[in-house]
Amino acid sequence: MPELPEVETTLQGIQPHIQHQIVQQVVIRHFGLRWPIPKNIIQQLQNQRLLKVERRAKYLLLQFKHGTAIIHLGMSGRLRILKQPISPQKHDHFDILFANKIILRFTDPRRFGAFLWTEAKPHLHPLLCHLGPEPLQKTFSYSYLWQVAQERKVPLKTLIMDPTVVVGIGNIYANEALFMAGLHPNLRANQLSLKQTQALVKAIKYVLRRAIQLGGTTLQDFLKSDGKPGYFANQLQVYGRAGLPCLQCHALLVSVRIGQRSTVFCPRCQKK
DNA sequence: CAGAATACCTGCGGGC
DNA sequence: TGCCCGCAGGTATTCT
């Protein structure tokens, strides 16, 4: 999926077209996403005004009077705005049609995404209630992260990809942030110094902010919701560059696996 | 409980 | 060209 910057970019792309609009129809062509799409979501949304669209972690929340639709893009999901009907393709699993003729279309080849309905407050939903702080908010501070890190023995990269610790950091930005902070991805969390934590938190915020500014990373199948690719890909320092020279020191970048995820780092710039 | 492995899917590129 | 393998940005669930 799209990591946090891509979801944020999607939010910004779709929100102006659909917020405050009334849902005319929900068309579901394939109910089999990560969890089955609940059948009642069609009736729940019908003729309802979309009050607000927001993001929590990588979840998009469409708030209505009687509940909230939760959308997750999984690994390959995409949302687009259509200004007129276009015949659906193979992986276009559902559409939300609004009274202003705008169509929100969800596409997801791997079907790891989700489209759920909750009548409770969304932040109490089982998928959302254990999430850690948003990385770009002040609650994600270096003192917070250091305190959490003291209790954990996992590799640093695993720690920052754990959504109960901090949300929104996937494999790409974990690699990039660790490089920027000059920290070895395999450093144990509880061995982190306060100063190192400070550098890491700074790097995470910087990398994510910059990616959002540039419209998210484009890899394989991610396109922004308006159909144009993002521009962060050419900013990547380590991700996808295993075996190539470090842009900082020219040592060859090394690839290892940490927590079954490919990890790229510079053995010279990123010391334990 | 923490940490590690597994599972859900399709598509793509590389090797043969 | 076609088949088989491994890998891909996520994360809940199951295991040890």
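Here is how names work: the chains are called A, B, and so on, in the same order as the sequence lines, proteins then strands, and each is numbered from 1.
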Would you say B/dT10 has OP1 or OP2 under 4.0 Å from some side-chain N or O of A/H91? no
A/F115 and A/F106: aromatic ring centres closer than 6.0 Å? no
Let me know the distance between CD of A/Q89 and C1' of B/dT10, rounded to the nearest Å. 16 Å
Can you name the one residue among A/K157, A/E176, A/R261 that meets side chain to side chain donor-acceptor pair (under 3.5 Å) with A/N171? A/K157
From the candidates C/dG10, C/dA8, B/dG11, the one with an atom nearest any side-chain atom of A/Y239 is C/dA8
Which atoms form the tightest heavy-atom contact between A/L116 and A/H125, and what is the distance? CD1-CE1, 4.5 Å
Does a side-chain N or O of A/R261 approach OP1 or OP2 of C/dG10 to a distance below 4.0 Å, or not? yes
For A/P155 and for A/K90, find the nucleotide of DNA chain B with the closest heavy atom, then tell me which residue's nucleotide is more 5'. A/P155
Within 6.0 angstrom of A/Q147 CD, more than 12 heavy atoms from elsewhere: no
As its Watson-Crick or G-U partner within any shown strand, both distances under 3.5 Å, B/dG14 has C/dC4
Checking only heavy atoms, does the side chain of A/R111 share a donor-acceptor pair with the base of B/dC9 at less than 3.5 Å? no
If you check the A/K58 side chain, which of B/dG3, B/dG11, C/dG10 turns out closest? C/dG10
Please report, rounded to the nearest Å, how far the C1' atom of C/dG9 is from the CG atom of A/L73. 11 Å
Choosing from C/dG10, C/dA12, C/dG9, which nucleotide comes nearest the side chain of A/M161? C/dG10
Between B/dT10 (C1') and A/D92 (CG): distance, integer Å: 15 Å
Could you tell me the separation between the CG atom of A/N171 and the C1' atom of C/dC7, rounded to a whole number of Å? 12 Å
Might you confirm whether atom CD of A/Q63 has over 12 heavy atoms from other residues, nucleotides or ligands at distances under 6.0 Å? yes
Looking for any heavy atom pair under 4.0 Å, which part of the strands does A/T158 touch: base, sugar-phosphate only, or nothing? nothing
For a quick check, tell me whether the side chain of A/R152 and the base of B/dA2 share a donor-acceptor pair closer than 3.5 Å. no
Looking at the side chain of A/P109, which of B/dG11, C/dG10, C/dG9 is the nearest nucleotide? B/dG11
What is the distance, rounded to the nearest whole Å, between atom CG of A/D162 and atom C1' of B/dA4? 13 Å
Nearest listed nucleotide, side chain of A/R110, among B/dG3, C/dT11, B/dT10: B/dT10
Stepwise side-chain contact (heavy atoms from CB on, under 4.5 Å) test for A/H93 and A/I37: CA-CA 10 Å; A/H93 303 314; A/I37 299 176; 5.6 Å; no
Check this one for me: any side-chain N or O of A/Y59 less than 4.0 Å away from OP1 or OP2 of C/dA12? yes
In whole angstrom, give the distance that lies between atom CE of A/M75 and atom P of B/dC12. 15 Å
Roughly how many Å is it from CG in A/D108 to C1' in B/dC8, rounded to a whole number? 12 Å
Rounded distance in Å - CG (A/L79) to P (C/dG9): 20 Å
A/V154 or A/Q260, whichever maps to the more 5' nucleotide of DNA chain B: A/V154
Verify stack between A/F112 ring and B/dC9 base, 5.5 Å, 30 degrees: no
Between C/dT11 and B/dC12, how far apart are the two P atoms, rounded to whole Å? 23 Å
Under 4.0 Å: is that the gap between some side-chain N or O of A/S76 and OP1 or OP2 of C/dG9? no
